[in-house]
Each structure stands twice: as structure tokens, then as C-alpha cells.
Amino acid sequence: MGSVSIFHWLVIIVFFVIYFIPSYIAYKKNHNNKVPILLLNIFLGWTFLGWVAALIWSFYKERV
């Protein structure tokens, strides 16, 4: 009763994978602002608005 099942661990892992998708995209695209995107994702991602902002920012094409 007091232990965490495999299902619970799976849910936690899936949550963290989804949570850090904007940061992953920024790092894969070698975005110039990958560190600020990561910080936004970490500190404001839980608000959903911060997560969406980080996601949009990670897809945003940089002007040369």
C-alpha cells in the first residue's frame, strides 16, 4: 500500500519528458537562446503559460 508502483513511476517519467520538450527542441535545433529557454521551462513551465511560451520560443526561427 505504501510503495509506488511501476505505473506511478511511468507516469512521472512521461510527465518529465513532456515537461522538458521545449528545452529538448531548443537544444536539438542548437537555438541561440537554449539556456534562457531551459530556465523559462524550469521556473515557469509549471504555469502552462510559461511552458507554451518556451515551446513557441523553441520553434521560433532566429533572424540572421
Side-chain angles (χ1 to χ4, degrees):
M1 275 251 178
S3 67
V4 179
S5 69
I6 293 175
F7 173 74
H8 290 109
W9 281 112
L10 254 148
V11 169
I12 291 169
I13 290 169
V14 168
F15 171 78
F16 276 105
V17 167
I18 291 171
Y19 187 82
F20 285 106
I21 283 176
S23 299
Y24 176 76
I25 292 169
Y27 275 87
K28 284 302 265 187
K29 290 177 65 175
N30 199 22
H31 201 287
N32 284 341
N33 296 316
K34 58 187 164 198
V35 174
I37 292 171
L38 175 66
L39 293 174
L40 176 67
N41 196 187
I42 289 172
F43 293 115
L44 294 175
W46 60 272
T47 63
F48 185 72
L49 185 60
W51 186 85
V52 170
L55 184 66
I56 291 170
W57 194 6
S58 69
F59 279 116
Y60 186 72
K61 276 194 169 183
E62 302 166 41
R63 294 189 182 134
V64 179

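Here the structure is a predicted model, which means the values were calculated and not measured.
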Would Trp46 and Phe20 show up in the same hydrophobic cluster when neighbours are defined by side-chain heavy atoms closer than 4.5 Å? yes
State yes or no: do Val35 and Phe43 share one hydrophobic cluster built from I, L, V, M, F, W and Y residues joined by side-chain heavy-atom distances below 4.5 Å, directly or via other members? yes
So does Tyr27 have more than 12 non-hydrogen atoms from other groups sitting under 6.0 Å from OH? yes
So for atom CG, which belongs to Leu10, do other residues, nucleotides or ligands contribute more than 12 heavy atoms lying within a distance under 6.0 Å? yes
Angle class for the Phe16/Tyr19 ring planes (parallel below 30°, perpendicular above 60°, tilted otherwise)? perpendicular
Work out which heavy atom in Gly50 is nearest to a heavy atom in Thr47; give both atom names and the distance. N-OG1, 3.0 Å
Name of the residue among Leu38, Asn32, Asn30 meeting side chain to side chain contact (heavy atoms under 4.5 Å, CB included) with Lys34: Asn30
Group every Ile, Leu, Val, Met, Phe, Trp and Tyr by side-chain heavy-atom contacts under 4.5 Å, then state whether Ile56 and Phe48 land in the same group. yes
For residues Phe59 and Ile21: do they belong to one hydrophobic cluster (side chain heavy atoms under 4.5 Å, members Ile, Leu, Val, Met, Phe, Trp, Tyr)? yes
Given the rule that I, L, V, M, F, W and Y join up when any side-chain heavy atoms are under 4.5 Å apart, are Val4 and Phe15 in one cluster? yes
Separation between CG (Leu40) and CH2 (Trp57), nearest 0.5 Å, reads 6.5 Å
So which heavy atom on Ser58 is nearest to which on Pro22, and how close? CB-O, 3.3 Å
Here the gap from Leu55 atom CG to Ile37 atom CD1, rounded to the nearest 0.5 Å, amounts to 9.5 Å
Of all heavy-atom pairs linking Trp51 and Ile18, the shortest is NE1-O, 3.3 Å
Atom pair CD1/CZ of Ile12 and Phe7 - distance to nearest 0.5 Å: 10.5 Å
